[in-house]
Amino acid sequence: MSRPLSVLLVDDAPADLLLAQEVFDDHAPRVQLITQCGAEAALLALRDPAQLLPDMVLVDLNMNGMSGLDFLAELRADPALAHLPVVMLSGSTAQHDVDRAYDLHATAFLVKAPNLSEFVTQVDHLVQFWLGCRFRSPRVPSLS
């Protein structure tokens, strides 16, 4: 890949966003992490035609306001965004959460590791997998 892997992380907890940023920083410059605090803000950013789309989206399941599942449903209903790979990230191991995510065409469902060292390992594996994938071209901003 000639450009960095672009990952959008959507979570409504600023502390979790900061922690994830620190963990993903270990993979710079091969990975560019973009964070959005909340699903509504993320949808606005993704729908902005002047912005390049990320290669994949990592979204927290349980958020105030619009949940991760609601976010995923909105994404899949939008023809311009429906193709984006979406990995649900949750502390939940409830089968109904997993089933609902896949019913909405989540790409994967990742259960958050219970401690920092295991979370770092999870991110390492996630990054290694996605670095080996190929993606659609990012949306190029219109010149008109």
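Just so you know, these numbers use all the heavy atoms, side chains as well, and skip hydrogens, waters and symmetry mates.
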Interatomic distance, Gln95 atom CD to Phe109 atom CZ [nearest 0.5 angstrom]: 9.0 Å
Nearest-0.5 Å distance, CG of residue Leu5 to CG of residue Leu33: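 Taking CG in Leu5 and CG in Leu33, the distance rounds to 9.5 Å.
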Pairs where residues 68-88 contributes a residue and the test side-chain hydrogen bond (donor to acceptor under 3.5 Å, both in side chains) is met, not counting sequence neighbours: Arg47-Glu74, Arg47-Asp78, Ser67-Asp70
pair [X]-[Y]: side-chain heavy atoms closer than 4.5 Å:
X     : Y      : result
Val59 : Met88  : yes
Leu53 : Leu46  : yes
Asp55 : Pro85  : no
Val23 : Leu116 : yes
Leu61 : Leu69  : yes
Thr35 : Phe24  : no
His96 : Asp99  : no
His27 : Asp124 : yes

How close do [X] and [Y] get, counting heavy atoms only, and between which atoms?
X      : Y      : answer
Pro54  : Ser6   : CA-OG, 3.5 Å
Ala101 : Leu72  : O-CD2, 3.6 Å
Ser92  : Val111 : O-CG2, 3.7 Å
Thr107 : Tyr102 : O-CE2, 4.1 Å
Asp60  : Ser90  : OD1-CA, 4.4 Å

Under 3.5 Å: donor-acceptor pair, side chain of Gln36, backbone of Leu8: no
Main-chain N/O of Ala113 paired with Glu118 side-chain donor or acceptor, under 3.5 Å: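 Not a single qualifying donor-acceptor pair exists.
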Ring geometry between Phe135 and Trp130 (parallel below 30°, tilted from 30 to 60°, perpendicular above 60°): parallel
Cluster check Leu44, Leu75: I/L/V/M/F/W/Y, side chain < 4.5 angstrom: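 Not linked; separate clusters.
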Within one Ile-Leu-Val-Met-Phe-Trp-Tyr cluster: Leu89 and Leu18, side-chain cutoff 4.5 Å: no
Qualifying residues under side chain to side chain contact (heavy atoms under 4.5 Å, CB included), relative to Asp16, sequence neighbours excluded: Asp11, Ala13, Lys112
Asp25 versus Gln21, side-chain donor and acceptor atoms under 3.5 Å: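 Gln21 vs Asp25: donor-acceptor pair found between side chains.
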Candidate pair Leu126 and Leu58, rule side chain to side chain contact (heavy atoms under 4.5 Å, CB included), full reasoning: CA-CA 10 Å; Leu126 184 76; Leu58 188 59; 4.1 Å; yes
